[in-house]
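One-based numbering, in listed order, for ligands and for the atoms of each.
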Amino acid sequence: MDCLFCKIVAGEIPASIVKKNVLYTAFNDITPQAPTHILIIPNHHFSNMAEAAMANPELVGEIFKAAGEIASEIGLESYRMNVNTGAGAGQSVFHAHLHLLGGRTFAWPPG
Ligand code: AMP
Ligand code: ZN
């Protein structure tokens with residue numbers, strides 16, 4: 001399958017890996033929107049996080065747990081976890097991913 005994030009999981013495209021195990025891969029976003037901007041993705045391909053959750057809710061739980069662990073490990077007290085689902089919501093890569101953003105303040109409501 002011609003999927004950018006599947007290629008990162010397979011090691012075919014380089015990425016700055018933060019954490020990796022049999023279930024998920026975490027790596028730094030190539031265009032960071034905050035001082036910390038990490039993507040946590042399932043190693044298995046799903047088009048978005050909702051599809052992943054419907055197929056394997058435990059896996060999505062592990063991905064959120066990983067985000068919390070990474071935030072704790074790097075000392076983030078406040079952070080934002082973000083999931084864009086569908087092009088209209090800003091999704092540009094159609095392999096499920098969780099954004100972990102931190103190191104600055106964030107506005108609410110989001111744009
Ligand atoms: P989204 O817009 O929610 O689909 O998020 C996709 C994210 O993937 C964006 O924040 C991009 O900057 C990021 N991205 C795209 N290509 C790469 C890459 N090769 N390595 C790391 N992050 C990437
Ligand atoms: Zn994929």
Under the salt bridge (charged side-chain N to carboxylate O under 4.0 Å, His left out) rule, collect the residues that match up with Glu73, sequence neighbours excluded. Lys19
Would Ala15 count as a contact residue for ligand 1, given that I'm defining contact as a non-hydrogen atom of the residue lying under 4.0 Å from a ligand atom? no
Taking side chain as C-beta onward, heavy atoms only, is Leu23 less than 4.5 Å from Pro42? no
If you count the atoms of ligand 1 from 1 in the order shown, which ones are under 4.0 Å from a heavy atom of Asn28? 21 (C)
Would a distance-only check, ignoring hydrogens and angles, find a side-chain to backbone donor-acceptor pair under 3.5 Å from Gln91 to Ser47? yes
of all protein heavy atoms, closest to atom 19 (N) of ligand 1 is Ile30 CD1, 3.9 Å
Reported CE-to-CD1 distance for the pair Met81 and Ile38, which is rounded to 0.5 angstrom: 11.0 Å
Under a 4.0 Å heavy-atom limit, does Phe94 contact ligand 1 with its side chain, its backbone, both, or neither? neither
Do Phe27 and Ile41 have side-chain heavy atoms sitting under 4.5 Å apart? yes
Going by the atom numbers of ligand 1, which of them fall below 4.0 Å from some non-hydrogen atom of Phe27? 21 (C), 22 (N)
Can a side-chain donor-acceptor contact be found between Asn48 and Thr85 if the only test is distance below 3.5 angstrom? no
Does the N or O separation between Ile8 and ligand 1 drop below 3.5 Å for any pair? no
Give yes or no for whether the N/O distance cutoff of 3.5 Å, strictly under, is met between Leu39 and ligand 1. no
So, at under 2.8 Å, which protein N, O or S atoms would a careful student list around the Zn ion (ligand 2)? Cys3 SG, Cys6 SG, His45 ND1, His95 ND1
re atom 2 (O) of ligand 1, the protein heavy-atom contact at minimum distance is Gly90 O, 2.7 Å
When rounded to the nearest 0.5 angstrom, what is the spacing between CZ in Phe46 and NE2 in His95? 8.5 Å
Is Val93 near ligand 1, meaning one of its heavy atoms is under 4.0 Å from it? yes
Name every donor-acceptor pair, under 3.5 Å, that has one atom in a side chain of residues 100-110 and the other anywhere in the protein, sequence neighbours excluded.
residue: Arg104; atom: NE; partner: Gln33; partner atom: O; Å: 3.0
residue: Arg104; atom: NH2; partner: Gln33; partner atom: O; Å: 2.9

Checking Asn43 side chain against Thr25 main chain: does a donor-acceptor pair fall under 3.5 Å? yes
The answer for which part of His97 has a heavy atom under 4.0 Å from ligand 1 is side chain
If the contact criterion is a heavy-atom separation under 4.0 Å, does Asn82 count as touching ligand 1? no
Using a 4.0 Å cutoff against the non-hydrogen atoms of Thr31, which atoms of ligand 1 qualify? 12 (O)
Residue, atom name and distance, where the atom is the protein heavy atom closest to atom 4 (O) of ligand 1: Ser92 N, 2.6 Å
Rounded to the nearest 0.5 Å, what separation is found between the CG atom of Leu4 and the CZ atom of Phe94? 12.5 Å
Glu12 side chain vs Lys7 backbone, donor-acceptor pair below 3.5 Å: no
Check: of Asp29, Leu4, Val83, min heavy-atom distance to atom 9 (C) of ligand 1 comes from Asp29
Nearest non-hydrogen contact to atom 3 (O) of ligand 1 from the set Gln91, His99, Met49 belongs to His99
May I ask you to check if ligand 1 and Phe5 share an N or O to N or O distance below 3.5 Å? no
CG (Leu39) and CG (Asp29) are apart, to the nearest 0.5 Å, by 4.5 Å
Quick one: list whatever passes ring-ring contact (aromatic ring centres under 6.0 Å, His included) with His37, sequence neighbours left out. His99
Which segment of Asn84 sits under 4.0 Å of ligand 1 when only heavy atoms are counted: side chain
Separation of Leu59 CG from Phe64 CZ (nearest 0.5 Å): 11.0 Å
